[in-house]
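What you see is a predicted model, and the numbers here were worked out from it, not measured in a lab.
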Amino acid sequence: MAGKSNKGRNRKGSHTASNPAEQVVSSDAPTKDDKIPLESAKIDATANGVVAEGESTVDQPEVKESEIANSANEPKQGDIHLYPVSVKTQSSEKLELQLNPGDSVMDIRQFLLDAPETCFFTCYDLLLQTKDGSTHHLEDYNEISEVADITTGGCSLEMVAALYDDRSIRAHVHRTRDLLSLSTLHASLSTSLAMQYENAQSKVSSAGDVVKTEVPELDGLGFMEDVSGSLGKLLSSSTQEIKCVESIVFSSFNPPPSYRRNITYVAFIVSRLVGDLIYLDVVTLEGNKYCITGTTKMFYVNSSTGTVLDPRPSKSTSEATTLIGLLQKISSKFKKAFREILERKANAHPFENVQSLLPPNSWLGLYPVPDHRRDAARAEDALTLSYGSELIGMQRDWNEELQSCREFPHTTPQERILRDRALYKVTSDFVDAAISGAVGVISRCIPPINPTDPECFHMYVHNNIFFSFAVDADLEQLSRKRAADTDLNTSINSSEKVSNDESKGEPDRVVESGQESAETQLAESEQATYASANNDLKGTKAYQEADVPGLYNLAMAIIDYRGHRVVAQSVLPGILQGDKSDSLLYGSVDNGKKICWNEDFHSKVVEAAKRLHLKEHTVVDESGNVFKLAAPVECKGIVGSDDRHYLLDLMRVTPRDANYTGAGSRFCILRPELITAFCQKSEAAEKSKSEPKEEGEPQVTTDSVKVVGAEEPVKNEANVAATADDSQTIEEKVEVAAQECDSIPVESSDSCDELLFNPNVFTEFKLAGSQEEIAADEENVKKVSTYLANVVLPKFIQDLCSLEVSPMDGQTLTEALHAHGINIRYIGKVADGTKHLPHLWDLCSNEIVVRSAKHLLKDVLRDTEDHELGPAMAHFFNCFFGSCQAFGGKHAANNMQSRTQKKDQAGHQSPGKSSKGQARWKGRASARKQQSSYMNVSSETLWSDLKEFVKSKYQFELPEDARSRVKKVSVMRNFGQKVGISISARKYDFNAATPFQTSDILNLQPVVKHSVPVCSEAKNLVEMGKVQLAEGLLSEAYTLFSEAFSILQQVTGPMHREVANCCRYLAMVLYHAGDMAGAIMQQHKELIINERCLGLDHPDTAHSYGNMALFYHGLNQTELALRHMSRALLLLSLSSGPDHPDVAATFINVAMMYQDIGKMDTALRYLQEALKKNERLLGEEHIQTAVCYHALAIAFNCMGAFKLSHQHEKKTYDILVKQLGEEDSRTKDSQNWMKTFKMRELQMNAQKQKGQAFNAASTQKAIDILKAHPDLIHAFQAVAAAGGSGSSGSSVNNSVGENLPRGRGFDERAARAAAEIRKKAAAKGLLKRPHGLPAQALPPLTQLFNLINTGAAPDANGSDATGTTDVANKEANGHPSDDPADAKKDQPLSGQEGEAPVGLGKGLTSLDSKKQKSKAKAAA
């Protein structure tokens, strides 16, 4: 919805703060207007009045050129032209909307629902009056352009009250309750920090006080020292409610008697009272009790006082068309409080008012637990909802809605937006309903449709959604293995392991299985496993994205809850109405024994197969019939009763992984990202063969898919200088793989789409065709698998070691693996490849432990009754994180073994489908009779099971001390998120035997995987924008990101991860353009969306806070910046723990900020901590360690300690020479810094020797200073310790990246903040610091460092020392000196910067040459 109320905007404008940054943050004007494609990179800022003079003269011509280029080259789908339309509300107020002809009537209704003036009107009709006087009635699903042409102007809308019915009047009451609550307002900490800062600044300015306020030292290091103790600081207390009314409840007079509803009684009663729909009991804040009647036309107070209904209007005759209107008339306190609520919501950022469709689960809950108070409205809602289906009205036909939306026209950009929006909304609603239904199914509140079958084969239909169970085949298989070990004393063959997406199996071996019985294989083929359900979901998404006309898929979601996995699908039309066996037209229902085929169906499947890189091939069924298929054999093509062609059971839409080909690894398939990357690689190889490459042209092939969320594209191999043996080996492997790619038989060399794979090779299905063709198909798949194992995996490990890819927690590690096309089953190999870097090994091993523990806990939860869930989870947590003993005493045998043996005995008695089902659910029946199985678990047995599971599933050996090495808080967070457990946010003593109490387990929530579609159009625009940004073309990048943002806002609304990505890139463009205020506005949006969509402590949220801090620092609002940095450190300590390079990078940023406000002792502490972390985590000769030494050198330079600056820069130089060579530009920059520091040291010494002598008074003065500043002693001790640690004995890190490491978020841009962007900001007047302030704040340190440097004391007034330091400080803070001697000092840096840099310096953090040239061109 692109509209915006001018009235609302003017109201906001009247009380915005004078501070430009705060004006940006608190203004709600951008909410709707952001759908407008911004015409230049400065519009965001000009809207907030912060663009400096002269900026437009530089930017505007550039933007116009880009507009011309864009209009010539591409459709500008983001362009939306808006036209003013006035609205007359039901209360006769006037609003003005900015509408686009493509807006739908639903968009207008949504805006009116958000506007404060009209938010409480829910039942009305909209009339559109045009310039010529005609009036049109608007239907909800119409577009405005279908009704009238608003582009001519003079159009107006009128809200006309409509009649209520049973459904709409209840919706109105629910809406009223929502409006009276602030629970829907999700205030971000960043917003409240900005408001506090704004209020403090306004107080200072009103008092006329010019003195700069003292910036308090914030807790940052403390979060890292006591991570468990900081848990309580993550959650803020819930919003303080504003009470408007004591209670609004449905009266016990409901439902209205028939004579009050029936129109035939009109002769006996006043006509306007006929049509009672609802009665409400209301108690106002004044203590008055009212009984309110809701009719088809209005609400009024009736005369009922006791237990008998008196429907007559009360004497006061209060009535209104809305419930809020009536309450305002009968209660003055209500009127005042409601005005406060509206003002509170209006003052919040607009994104904080928007509801998220699928919010993330929180693993932490408030501690102490808030009181549970009476709330009749909440009780009514809980009792009237039936697991996601409304009791009133017809149930939604999800399948019909979904397929109808897919059939929407999508030829024009506006049609595609409407279609994508409809698909997104329907799928999101389906997932929401599926979650509620799955909870009902698992809680046994919904009856099965096949109650006579074994329980694990039960199927359910509720709310037009089909539910079925999937089994955890990993545990089933491990139990079978144990049974075989016990019975036969032989180790079972690895082929018997059934795997899921994180599948196991011995790599690089082809194992044949002859041990599994036919009955077991049949049971496994008929019962969905976690693996097949995961793959089916991925296959469904792949076919949805292929979007072949005439080929349909069902909506699908996977819900994990209480140890069970439920698969939810929309109901196939006609499947429940009798025998439809003849409707199967394609594929097989019995694993290839009989295969069906249809020409029409096949043509559609072939079209999809081309887009999915699947090959058309021939297979043979049991009868010897040969069929041509372009999909997996076990897929099912069915014609529904709606005559649509549906393709189901898409469990293998990519080929099987040739590295895992055992019989139990049938669902180990390759990821689609890998297939795409391999095809692109082959295409590039073909092009390079056919077209001779020009000299100097960069290589275009990439060895791996870009990591999701990477700020800049991964550098190409040709641009990366090899520095270690590992990288050389990888390059050799890449060459070999490229040569292999060239030899792959390709049907046509003009397109990579023609490189197709047979999905049925390495399976039990019999292939037809010649042996050569089958061998060629197998060879294709083997080459992709080899490419994964020998090229992609080592390259990924190298990227991890060089910090090119820098995951923070298990979720971001999983996303990075998947983005590179690597399955989770390879995580053990990643862990083995990163043993030399502690933070990476910890990250991988912790993720392996959490994933394995998840399976064990699910097994416990499946066997646990409702009343024992809390104690069972608390006991499991105690065994996992403490050293807890089993409750069962002598029965404390291996719990899992005893439980699984019982299951196996049942399986051996009567193998097959029913036995497996009965064994699987046996725990349910036996749990009531005997002691709960969870009580037999102890820490020893749990960790023993974990080690065995890890070895079986990931081929990874957990060390003996794994229990003590595990990062408790990070693992607890990861584990809670994966299983859906919410615990109290309090400090836990992990040294205790039982750290957790039952009361600490607050909730168990469903965890969901779904196939909600993404907007491909916006995704493509973002990718194009990233390319433009990497080349330094800021205006072009800004236009593309704005268009993507505009499209996504219309498709998904603001609460979506992709919208946050757009905001981040827009902020980055504005940041590079020097527009800090505009960058803050966009970054604040990203922060709010990340908090709401990803979670309060997601690593992306932490990076959002870090970026906000840098932008605020760029506007000289350092106190606000430091508060954001403190929050970022808290979030990083929870997600990654204290030992991570990103934490060290954040410490450097914090130090830079303290350094700029003159708190050098605090800055030194953070820099020393960063240096220690990088030396411990990455090694003493890693480039990030060099960055720390350089930052320390700059800090000492600011304090005039040039001798120490030179020492630390020398260490920087030594590391860079070793890693990059003497000819690298960064090494030369470091050498220039060394010369500068040496020259300054000599100059200062020369000044000191002019008549200065050491005397006792100066020494005593130094001692007095140290006594007055005891914190300086610690700083000096740390400096001395660092200065004494030489790098001669350190080992070379062979896996160091060749290029400068770029983290996932703000650490990359932190390096450029001081040298590049702040210089631009200063030039544009955004960065104004009081001259001389740091110099005045520093005399004690300065004098002491002068003593260290020269051995001479300052004279009594300290004029020479202070004068020298003044120059250094002015330079350090961006103020050039007029001293000619200083001009000489800066000569070694000429050509790099006009003044001495601050922070990390330009040399170490410059971009690659291509980007530098582009930026220079753009700046010119």
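With sequence neighbours excluded, the residues satisfying side chain to side chain contact (heavy atoms under 4.5 Å, CB included) with Ala1151 are Ala1163, Tyr1166, Leu1167. For Lys1210, the side-chain hydrogen bond (donor to acceptor under 3.5 Å, both in side chains) partners are Asp1214, not counting sequence neighbours. With sequence neighbours left out, Arg1176 forms a side-chain hydrogen bond (donor to acceptor under 3.5 Å, both in side chains) with Asp1139. A search for salt bridge (Lys or Arg N to Asp or Glu O under 4.0 Å) contacts involving Glu1223 returns Lys1228, not counting sequence neighbours. Every residue two or more places apart in sequence or in another chain was checked for a ring pair (Phe, Tyr, Trp, His ring centres under 6.0 Å) with Tyr1213, and none qualifies. For Lys967, there are no salt bridge (Lys or Arg N to Asp or Glu O under 4.0 Å) partners at least two apart in sequence or on another chain. Under the rule for a side-chain hydrogen bond (donor to acceptor under 3.5 Å, both in side chains), the partners of Thr1162 that lie at least two apart in sequence or sit in another chain are Glu217. Every side chain to side chain contact (heavy atoms under 4.5 Å, CB included) that Asn974 has, sequence neighbours left out, goes to Glu847, Val850, Lys978. The ring pair (Phe, Tyr, Trp, His ring centres under 6.0 Å) search around His1124 returns Tyr1105, Tyr1112, not counting sequence neighbours. Applying the side-chain hydrogen bond (donor to acceptor under 3.5 Å, both in side chains) test to Asn846 and every residue at least two apart in sequence or in another chain returns nothing.
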**OP:** Check the pair His1190 / Glu1209 against side chain to side chain donor-acceptor pair (under 3.5 Å), numbers first and verdict last.
**Re:** CA-CA 6 Å; His1190 179 69; Glu1209 192 60 42; 2.7 Å; yes
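Between Phe1202 and Phe1196, the ring center distance fails the sub-6.0 Å criterion.
For the residue pair Ile1148 and Ala1191, the shortest heavy atom distance occurs at CG2-CB, 4.2 Å. Closest approach of Ala1186 to Thr1212, counting heavy atoms only: O-OG1, 3.4 Å. Closest non-hydrogen pair, Pro1141 versus Asn1174, comes out as CA-OD1, 4.2 Å.
For the pair Leu1115 and Leu1120, the minimum side-chain heavy-atom distance is 4.5 Å or more. Contact of the Leu1110 side chain with the Met1152 side chain is registered, since non-hydrogen atoms from C-beta on lie closer than 4.5 Å. When side chains are defined from C-beta on, Asp1097 does not count as touching Ser1135, because their heavy atoms never get closer than 4.5 Å.
No hydrogens or angles considered: a donor-acceptor pair under 3.5 Å links the side chains of Ser806 and Asp1142. Between Thr1185 and Glu1175, the side chains place no donor N or O within less than 3.5 Å of an acceptor N or O (distance only, hydrogens not considered). Using a 3.5 Å distance cut-off with no hydrogens or angles, the side chains of His1098 and Asn1090 do not pair a donor with an acceptor. With hydrogens and angles left out, the side-chain atoms of Asp809 and Thr812 include a donor and acceptor closer than 3.5 Å.
Ring planes of His1140 and His839: perpendicular class, angle over 60° (limits at 30 and 60°).
No side-chain donor-acceptor contact under 3.5 Å links Ser1230 to the backbone of Thr1227.
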